[in-house]
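Before any comments, here is the structure.
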Amino acid sequence: MDKVRVRFAPSPTGPLHLGGVRTALYDYLFAKNQGGEFILRIEDTDTARYVEGAEEYIEEALEWCGIIADESPKKGGKFAPYRQSERRDIYDRYTEQILKTDYAYIAFDTAEELDAIRGEYEARGDVFSYDNKTRNQLRNSLTLSEEEVQQLLDEKTPYVVRFRMPVDRTLNLEDIIRGKFSVNTNTLDDKVLVKNDGMPTYHFANIIDDHEMEISHVIRGEEWLPSLGLHTLLYEAMNWQAPQFAHLSLILKPEGKGKLSKRDGDKFGFPVFPLNFTDPATGNVSKGYRESGYLPEAFINMVALLGWSPADDKEILSLDEMAKEFDLNKVHKAGARFSKEKAEWFNHQYMQQKSDEELLQILKDSDLNLTLPDDKLLKVIHLMKERATFPKDIYENGKFFFEAPGSYDEKAAKKAWNDETSGLLQELAKQLETVEFSAENLKQAVHDFAENKGLGMGKVMMPLRLSLVGELKGPDVPDIMELLGKEETTARINNAVNNFK
């Protein structure tokens with residue numbers, strides 16, 4: 001395996017979790033860093049948990065993130081098909097092959113029989129495991145004669161294929177991220193390789209597919225680390241060269257203890273999926289980063305740093321910059337704590353990098369009620385984006401540009417308005433009728449008005465801002481006035497005066 005080839009192999013059992021996105025991203029970055037290829041493979045052998053639309057969701061989510069596969073079910077490739085459900089003939093061929101070795105056997109035990117045995121073990125305080133201590137007392141091809149096995153097969157008796165775990169072997173294993181460690185085979189059970197419906201389990205199918213697709217490196221979550229011993233032995237059983245393995249640590253809850261879950265997102269108010277996902281069974285919608293207003297560049301930058309540190313502690317990197325720097329040896333062993341605040345920080349940074357024209361298009365593609373022409377929208381964006389974390393903030397924080405205030409903040413009114421304010425603003429409004437409405441001219445006019453009245457600028461600017469905005473917030477008042485125009489500015493001043501009579 002001279003060429004680096006990696007795969008992301010999700011199961012279409014629901015939406016793609018933040019941890020899954022990170023696995024796909026690290027696969028992609030490693031492949032691009034090494035001049036290799038990134039493959040998307042759909043592991044859909046678990047038909048009982050299959051969710052309609054999940055595969056399409058996974059593909060759309062990766063595309064939104066900019067993680068584009070070189071080979072996939074949609075794109076095809078020289079090792080197609082890329083869905084496990086379409087590779088049955090390949091698995092059947094290798095099932096026959098492994099059954100000719102001493103590494104696998106057929107087991108006829110029914111679910112009811114195994115449940116009964118588990119019950120007996122539990123009754124005496126033990127835990128049952130189908131392993132080298134128990135397999136010789138159970139109903140399988142190791143304990144039955146060849147004639148009995150053949151008779152059961154001829155009678156179409158359901159069976160599974162199990163791996164025959166060697167007795168008391170020490171496996172010396174190595175992981176790129178975690179280093180070297182050992183496992184004794186006596187601690188491992190005889191995992192099912194092929195289910196009674198003839199479909200392989202994850203353990204067998206992914207080994208076959210990784211071999212067939214010439215995968216050089218397997219990058220996956222740490223939940224698969226306990227399976228590394230079995231997978232190493234499966235490569236041995238098939239007389240194949242094993243790929244190199246790298247097991248990623250967990251993405252942790254914001255408080256740092258335990259794996260990040262959808263419940264954490266619901267509790268603390270952030271998404272854990274890249275896109276909205278509608279559960280076809282219940283109709284419930286899980287919120288996604290895209291629909292929450294996150295930019296894909298910001299989202300993927302945030303995800304990349306959940307467990308990996310670029311050189312010089314850089315934080316803002318494009319996908320290409322990440323690929324140039326990415327190194328599996330610099331991926332952290334410890335879990336990475338998720339931070340909603342940091343995710344928002346990334347989005348704010350990328351918002352500032354967007355041109356006004358780019359943000360205009362994003363806003364126009366949204367469902368916001370944008371009632372201004374494009375030239376004025378561009379001015380609103382220019383004035384408001386510095387304070388915005390999400391594109392929608394430009395609209396929501398600058399709503400006063402789109403509609404006159406219907407009410408006035410009481411606390412602000414007490415601070416900005418007194419008995420003389422109404423008359424003062426009426427006089428100012430009259431003077432503004434003769435001013436050319438540019439921010440520079442308006443600033444000078446208000447300054448001259450305050451100076452002539454012997455007032456500080458705050459005494460004029462605060463009630464003027466309250467009249468225009470309804471609160472004491474927003475960009476510079478002259479900029480607001482210029483964008484609103486003379487007629488609307490005068491109308492809002494008069495409305496405020498009438499309100500506070």
Side-chain angles (χ1 to χ4, degrees), residues 11 43-50 81 83-122 126-169 171 184-213 227 229-242:
S11 297
E43 301 202 341
D44 57 350
T45 57
D46 191 349
T47 54
R49 296 176 60 222
Y50 175 81
R83 291 185 192 91
Q84 288 188 335
S85 59
E86 299 170 3
R87 298 172 63 81
R88 176 70 181 266
D89 58 330
I90 299 172
Y91 303 137
D92 288 347
R93 186 169 76 249
Y94 286 118
T95 298
E96 290 179 16
Q97 183 176 325
I98 199 169
L99 280 170
K100 292 176 182 177
T101 73
D102 292 332
Y103 288 91
Y105 60 96
I106 294 171
F108 297 96
D109 318 275
T110 66
E112 293 76 18
E113 289 170 345
L114 292 177
D115 284 343
I117 295 170
R118 286 191 190 93
E120 293 173 7
Y121 272 67
E122 288 173 5
D126 290 332
V127 177
F128 170 73
S129 178
Y130 208 124
D131 56 20
N132 63 41
K133 303 180 192 68
T134 60
R135 63 191 177 209
N136 291 326
Q137 287 83 48
L138 298 167
R139 200 158 65 102
N140 54 56
S141 58
L142 301 177
T143 60
L144 300 172
S145 67
E146 289 186 18
E147 291 76 14
E148 289 173 312
V149 170
Q150 191 58 54
Q151 183 179 345
L152 289 169
L153 293 175
D154 292 341
E155 293 170 353
K156 308 294 185 186
T157 304
Y159 67 88
V160 300
V161 176
R162 287 184 179 272
F163 186 77
R164 186 179 184 181
M165 190 59 63
V167 178
D168 200 24
R169 263 186 65 184
L171 304 176
N184 189 285
T185 56
N186 286 350
T187 65
L188 306 176
D189 61 344
D190 290 4
K191 284 280 188 289
V192 173
L193 302 181
V194 181
K195 296 172 284 188
N196 59 18
D197 62 0
M199 288 299 288
T201 60
Y202 167 86
H203 299 293
F204 197 36
N206 96 88
I207 291 294
I208 293 170
D209 291 340
D210 286 347
H211 171 72
E212 285 268 317
M213 296 180 186
S227 301
L230 168 63
H231 294 174
T232 300
L233 287 169
L234 277 168
Y235 279 103
E236 177 182 291
M238 304 301 287
N239 198 28
W240 295 337
Q241 180 184 343

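Shown here are the salt bridge (Lys or Arg N to Asp or Glu O under 4.0 Å) partners of Asp44, two or more places apart in sequence or in another chain: there are none. Contacts of Asp115 classified as side-chain contact (heavy atoms from CB on, under 4.5 Å), with partners at least two apart in sequence or in another chain: Arg118. With sequence neighbours left out, Arg164 forms a salt bridge (Lys or Arg N to Asp or Glu O under 4.0 Å) with no residue at all. For the ring-ring contact (aromatic ring centres under 6.0 Å, His included) test, residues two or more places apart in sequence or in another chain that qualify with Phe128 are Tyr121. Residues meeting the side-chain contact (heavy atoms from CB on, under 4.5 Å) test with Pro158, sequence neighbours left out: Asn196. For Arg83, the salt bridge (Lys or Arg N to Asp or Glu O under 4.0 Å) criterion is met by Glu55, Glu86, not counting sequence neighbours.
The 12-atom threshold is not exceeded at CD of Glu146, counting heavy atoms of other residues, nucleotides or ligands nearer than 6.0 Å.
Residues Thr201 and Val192 share a closest heavy-atom pair of OG1-O, 2.8 Å. Closest approach of Phe108 to Glu113, counting heavy atoms only: O-OE1, 4.2 Å. Closest heavy-atom contact between Gln84 and Thr45: OE1-CG2, 3.1 Å. Scanning all heavy atoms of the two residues, the minimum distance from Ser227 to His203 falls at OG-CE1, 3.4 Å. Contact between Arg88 and Asp197 at its shortest, heavy atoms only, is NH2-O, 3.4 Å. Here the shortest heavy-atom pairing between Tyr159 and Val161 reads CE1-CG2, 4.1 Å.
Using cut-offs of 30° and 60° for the angle between ring planes, the His211 and Trp240 rings count as parallel.
A side-chain N or O of Asp209 and one of Tyr91 form a donor-acceptor pair less than 3.5 Å apart. Residues Asn186 and Asn132 have side chains that bring a donor and an acceptor to within less than 3.5 angstrom of each other. Checking Glu155 against Gln151 by side-chain atom types alone, a donor-acceptor pair falls below 3.5 Å.
For the atom pair CE of Met199 and OG1 of Thr47, the computed distance is 8.0 Å after rounding to the nearest 0.5 Å. Here the CG-CG distance, from Leu193 to Leu99, works out to 8.5 Å after rounding to the nearest 0.5 Å. The distance from the CG atom of Asp109 to the CZ atom of Arg162 is 6.5 Å, given to the nearest 0.5 Å. The CE atom of Met165 sits 7.5 Å away from atom CG of Leu171, with the distance rounded to the nearest 0.5 Å.
Of the possible polar contacts, one joining the Asn140 side chain to the Thr143 backbone as a donor-acceptor pair under 3.5 Å is found. With hydrogens and angles disregarded, a donor-acceptor distance shorter than 3.5 Å links the side chain of Ser11 to the backbone of Glu43. Not one N or O on the side chain of Ser141 forms a donor-acceptor pair closer than 3.5 Å with the backbone of Tyr105.
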